[in-house]
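Proteins get letters first, then strands, A, B, ... in listed order; numbering begins at 1 in each. Hydrogens, waters and symmetry mates are skipped; everything else that's a heavy atom, side chains included, is used. It should be emphasised that the depicted structure is a prediction, and the values quoted were computed from it without experimental measurement.
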2 protein chains.
Amino acid sequence: MPTENTHTIWIVEDDPIFKESLEDLITMTDGFHLGHTANSVEKAIQAFGIKENPDIILEDIGLPGLSGIEAISIYKKLFPNVLIVILTIFDDDERVFEAIKAGADGYLLKRAPGSEIIHNLQQLIQGGATLSPPIAKKVMNMLVKPSQQKTIKNPLTKREVIITKYLVDGLTINEIADKLVISKHTVDTHTKNIYKKLHVHNRSNLATVAIKKGLI
Amino acid sequence: MPTENTHTIWIVEDDPIFKESLEDLITMTDGFHLGHTANSVEKAIQAFGIKENPDIILEDIGLPGLSGIEAISIYKKLFPNVLIVILTIFDDDERVFEAIKAGADGYLLKRAPGSEIIHNLQQLIQGGATLSPPIAKKVMNMLVKPSQQKTIKNPLTKREVIITKYLVDGLTINEIADKLVISKHTVDTHTKNIYKKLHVHNRSNLATVAIKKGLI
DNA sequence: CATAAATTACCGTAAACACGGTATTTCTTA
DNA sequence: TAAGAAATACCGTGTTTACGGTAATTTATG
């Protein structure tokens, strides 16, 4: 029976063996109890309002039918305060990223030992999020990559950077010349040099390159 | 004495009380031993080549002098395979982000219990990264935010999106017409409509808006 | 101080753009 | 099935771009 300090867990998992071992794990652990289990997202949703609302949903990501990722936003609407933990055998970047973006609160690998899973659930309840270490590494790498690219040294001179900004902003050569109080011919020359340096041949290219490489 | 299975830890921490409790924690724990401890980045660096190289450096982020974040890249150069764990009482977004970008392998809160810290170090050695749950939550939120902005509904039709991509890529109207096997007049019409919808008046603007709003 | 790099300036032209208007056909979807 | 959205197509025109070449002056920098 649930007490004030007991948290209701739902399990959504299609692999019967893993599902059962999860059920056992939850049942055996103080502070948690099994609210409902299903082998598909659809069936889990059907239990809405019938079974006791979950505090945490443990869900496989690779379910047939509605995928676990699509399900996340649905759960969040049905149970506004629910915590969703994705359990998966995969640790591929795409899925991690999609699940996190969809609002998952944790992402654990199935190969993690039961004690690990329980430990993470407890931490989740205390207000954090939880990532398996290999997942954490991937997530951190995602954050690092863009900043490394930022370090590309800007091949443009000061003046060229200024003019590039105006070009990207869509000003005409004449407008730029007016702004900088120089001849339009000069702006034209700078533009040619900028194009040459960045290997672009029109403003669209320039804008794309300048923005993506953080040159301006 | 270090054995094959023992990992050398360095501690860089200026708070003497916390430093001592960390030292005790490491000393008491099987599989780890204390290599060197310092109360500043500068002193830690001075021990390079003298003391036994670290497998893991535990470091406070808010050190006087050279900050812990600045130190990360230095350590990584001195000890190419070192794992760096940031320990802090703060969990403010900026520092987390900076430390991760600088290449930290873990980010733990000082208020975490010793068992937690040890546990995380062990996981780190096994190849993951490690984040305290409150930190994990912040990091995950960072990933979610940009994607929420992405949810701005794209006012462009399918065809317009395709043509926008080509326009941003710098193709001429004629080139686009050829690619899509439609008349250049049609591409021209689409372009006009795209400009109207996005309130832009030239390709630079289009590229900027399309990229920044994630429309393409 | 000498040399290179950066900034300035001018000319000409084919190609492309931006945008006005108008109009038919083909989806969608209420 | 009727109405609206989307995709298609054509015309004309003034403006702007992209890029070729050439060159003087100013500003670093070794």
### Message
Checking A:His36 against A:Gln46: is there a side-chain donor and acceptor pair closer than 3.5 Å?
### Response
no
### Query
So, are A:Lys43 and A:Asp14 salt-bridged, with charged N and O less than 4.0 Å apart?
no
### Query
With respect to the side chain of A:Asp188, which nucleotide from D:dA7, D:dA18, C:dC17 is positioned closest?
D:dA18
### Query
Base, sugar-phosphate, or nothing for A:Asn202, non-hydrogen atoms under 4.0 angstrom?
sugar-phosphate
### Query
Within this structure, what is the CG-to-P distance between B:Asp169 and C:dA16, rounded to whole angstrom?
17 Å
### Task
Look at A:Tyr195 and D:dC19 and indicate whether a side-chain polar atom (N or O) is within less than 4.0 Å of OP1 or OP2.
no
### Message
One pair to check against salt bridge (charged side-chain N to carboxylate O under 4.0 Å, His left out): A:Lys19 and A:Glu23. What are the steps and the verdict?
### Response
CA-CA 6 Å; A:Lys19 181 157 170 274; A:Glu23 288 169 2; 3.4 Å; yes
### Task
State whether B:Thr186 places a side-chain N or O below 4.0 Å from either non-bridging phosphate oxygen (OP1 or OP2) of D:dT8.
no
### Task
Could you pick out which residue, B:Lys158 or B:Leu171, lies toward the 5' side of DNA chain C when each is mapped onto its nearest nucleotide?
B:Leu171
### Query
In terms of side-chain heavy atoms, does A:Thr130 have a donor or acceptor partner in A:Gln123 at a distance below 3.5 Å?
no
### Message
Looking at A:Thr157 and C:dA6, is any side-chain donor or acceptor paired with a base atom of the opposite kind under 3.5 Å?
### Response
no
### Message
I'd like to know if the side chain of B:Thr191 and the backbone of B:Val187 have a donor-acceptor N/O pair within less than 3.5 Å.
### Response
yes
### Task
Please report, rounded to the nearest Å, how far the C1' atom of D:dT8 is from the CD1 atom of B:Ile163.
10 Å
### Query
Using a cut-off of 4.0 Å on non-hydrogen atoms, how would the nucleic acid contact of B:Thr191 be classed: base, sugar-phosphate, or nothing?
nothing
### Query
Which part of the nucleic acid does A:Asn174 contact within heavy-atom distance under 4.0 Å: base, sugar-phosphate only, or nothing?
nothing
### Task
May I ask you to say what A:Thr172 touches in the nucleic acid, namely base, sugar-phosphate or nothing, with a heavy-atom cut-off under 4.0 Å?
sugar-phosphate
### Query
Among C:dG20, D:dA7, D:dG21, which is the nearest nucleotide to the side chain of B:Lys192?
C:dG20
### Query
How long is the line joining CD1 of A:Ile182 and P of C:dC10, in whole Å?
11 Å
### Task
Give the rounded distance in Å between these two atoms: CG of B:Asn205 and C1' of D:dT17.
15 Å
### Query
Between A:Ile173 (CD1) and D:dC19 (C1'), how many Å, whole number?
11 Å
### Query
Relative to the ring of A:Phe79, is the ring of A:Trp10 parallel (under 30°), tilted (30 to 60°) or perpendicular (over 60°)?
perpendicular
### Message
Check the phosphate of C:dT7 against A:His190, side-chain N and O only, distance under 4.0 Å to OP1 or OP2. Yes or no?
### Response
no
## Note on the structure
When B:His185 and B:Glu160 are each assigned the nearest nucleotide of DNA chain D, the 5'-most assignment goes to B:Glu160
### Task
Would you mind reading off the distance between B:Ile176 atom CD1 and C:dA16 atom C1', rounded to a whole angstrom?
12 Å
### Task
Starting from P on C:dC19, measure out to CG on B:Leu206 and report it in whole angstrom.
11 Å
#### Entry: Residue A:Ser183, side-chain heavy atoms: nucleotide from D:dA9, D:dA18, C:dA9 that is nearest
C:dA9
### Query
So what does B:His201 hit on the nucleic acid, given a heavy-atom distance under 4.0 Å: a base, only sugar-phosphate, or nothing?
sugar-phosphate
### Query
Which nucleotide in the set D:dT17, C:dA9, C:dA18 lies at the smallest distance from any side-chain heavy atom of A:Arg203?
D:dT17
### Atom-to-atom span, CG of B:Leu198 to P of C:dA18 - whole angstrom
13 Å
